[in-house]
2 protein chains.
Amino acid sequence: MDIPAVVISRLPLYVQALEAMVQRGEHVVSSQRLGEELGVTPAQIRKDLSYFGRFGRQGRGYNVAELLQALRRILGLDRQWLMALVGVGRLGRAIVAYEGFAPQGFRIVHAFDVDPKIIGQRVNSLVVKDVAVLEEALAQEPVDIGIVAVPPEAAQAVIDRLVGAGVRAILNYAPIAARVPAWVQVRRIDPVLALQTMTYYLKQGRE
Amino acid sequence: MDIPAVVISRLPLYVQALEAMVQRGEHVVSSQRLGEELGVTPAQIRKDLSYFGRFGRQGRGYNVAELLQALRRILGLDRQWLMALVGVGRLGRAIVAYEGFAPQGFRIVHAFDVDPKIIGQRVNSLVVKDVAVLEEALAQEPVDIGIVAVPPEAAQAVIDRLVGAGVRAILNYAPIAARVPAWVQVRRIDPVLALQTMTYYLKQGRE
DNA sequence: TTCTGTGAACGGATTCACAGCA
DNA sequence: TGCTGTGAATCCGTTCACAGAA
């Protein structure tokens, strides 16, 4: 049995909401309440969870800490994931500086660039390496995930090299639709794309 | 007849691919070729477009420039959209500095923060205003879209105020599931969420 | 011949509704 | 009584397959 991708894509939302509940000292939660928090129907949540087992108690609901731990294990968030960043321009620097990765177990261990002025620089305790040595560096210290923050023209080539070096997941900040083999995961971070899906609705309301 | 949201969410991808084709001097394209470029089936593309009209010529394909223009009009990308940024910390500064918005017609015209040390500062020709005057500032110079780049604890309150001030679209960089009225669009930009949907598959391949 | 536009068929995800358990 | 877990029913989006136009 394999699990629908939409289901997987919702689990991190549940994790996030449950973490907030732990923070607030809440111990049990029903699918009803969790659903309200996230704008999801209770049935959806119960069905999603049912793909992985039985986590609730009838009449009671779910133990927050228990469910959180289970979801973290399911998603593989109970370990560290190592990442390599390619492109240390303005965007790349912002990514390196981002404090949100570490608490969730994501750590950048390589940073590459082509620009000789940037190579050798130290950013947040990482020394920027020449992108030419990408393959050697990843052979020596492998990573799970590649982060691409290079200009659009260079992005596909960088992705091909990351994949060639064994990376099986790409976080793509470049505004291109990357072509990758079926076994490689890609997620795009593109604020412009997000904005462009909203303007359609803004336009509607306006007339 | 109203159009499925998934369809709308794909149109910006088509726009992006068509822009690249214009750049490369390509004049006509079939649904087949466009699909290969984007990893989408030709039937999907034809069906998506059919919601809005007939843009192709049988036996030939689509005129790239024509289709691009039509899609831009459909999405409302044939005009400027004004935005207000709330939160001018490290992330907020990176957003203001981002060069990708302007070429697509998105312009930040307000920047707000709570920190007295940041208020009054000039970032990229914008003077940071006190978030306390958000309502007045938006009444004087309204915007279409709010960008939220504040800490998670503050995010929901900021979003409520933006919505209260008439904003009908939110680009949310904060790691929370925002609750908004039905007529308000929200899109999240959250790299951690994106990473967390990939680790599940990475874990699989590993064993 | 080529490729669009589109009803019809299909498949997959969401919601319903209820049995079952505390 | 309250809430989970889940088959069944429903809904919705994708794909198929072909008529029709250049």
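So you know, we letter chains A, B, ... as the sequences are listed, proteins then strands, and number each from 1. Values in this document were obtained by computation on a predicted structure and should not be read as measured data.
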Exercise for the section: Check the angle between the aromatic planes of B/Phe112 and B/His110 and answer parallel, tilted or perpendicular using the 30° and 60° thresholds. Expected result: parallel
Handout entry: Between D/dT4 (C1') and A/Glu66 (CD): distance, integer Å
Key = 14 Å
Exercise for the section: Would you indicate what A/Arg10 reaches in the nucleic acid, counting non-hydrogen atoms under 4.0 angstrom: base, sugar-phosphate, or nothing? Expected result: sugar-phosphate
Exercise for the section: Select base, sugar-phosphate, or nothing to describe what B/Arg46 touches, counting heavy atoms under 4.0 Å on all strands. Expected result: base
Handout entry: Length of the line joining B/Arg54:CZ and D/dA19:P, which is rounded to integer Å
Key = 16 Å
Completion exercise
Whichever of B/Ala43 and A/Arg57 has the more 5' nearest nucleotide on DNA chain C, that residue is B/Ala43
Exercise for the section: Could you tell me whether B/Arg161 atom CZ has more than 12 heavy atoms of other residues or ligands within 6.0 Å of it? Expected result: yes
Handout entry: Rounded distance in Å - CG (B/Asp48) to P (C/dG5)
Key = 12 Å
Practice task
Please figure out whether A/Gln58 or A/Gln44 has its closest DNA chain C nucleotide nearer the 5' end.
Solution key: A/Gln44
Practice task
Round to the nearest Å and state the distance from B/Lys47 atom NZ to D/dC18 atom C1'.
Solution key: 13 Å
Practice task
Starting at atom CG of A/Leu67, determine the distance to atom C1' of D/dT4, rounded to an integer number of angstrom.
Solution key: 12 Å
Exercise for the section: May I ask you to evaluate whether B/Tyr62 reaches the phosphate of C/dT2, defined as a side-chain N or O under 4.0 Å from OP1 or OP2? Expected result: no
Problem - Between P of D/dC3 and CG of A/Asn63, the distance in whole Å - result: 16 Å
Practice task
State whether B/Ser31 places a side-chain N or O below 4.0 Å from either non-bridging phosphate oxygen (OP1 or OP2) of C/dT4.
Solution key: yes
Handout entry: Between P of D/dC3 and CD1 of A/Ile45, the distance in whole Å
Key = 14 Å
Handout entry: A/Glu141/A/Lys129 ion pair, N-O < 4.0 Å
Key = no
Exercise for the section: Round to the nearest Å and state the distance from A/Tyr51 atom OH to D/dG7 atom C1'. Expected result: 12 Å
Problem - Value rounded to 0.5 Å, distance of CD in A/Gln16 from CD in A/Glu19 - result: 7.5 Å
Handout entry: Greater than 12 external heavy atoms within 6.0 Å of B/Arg57's CZ
Key = no
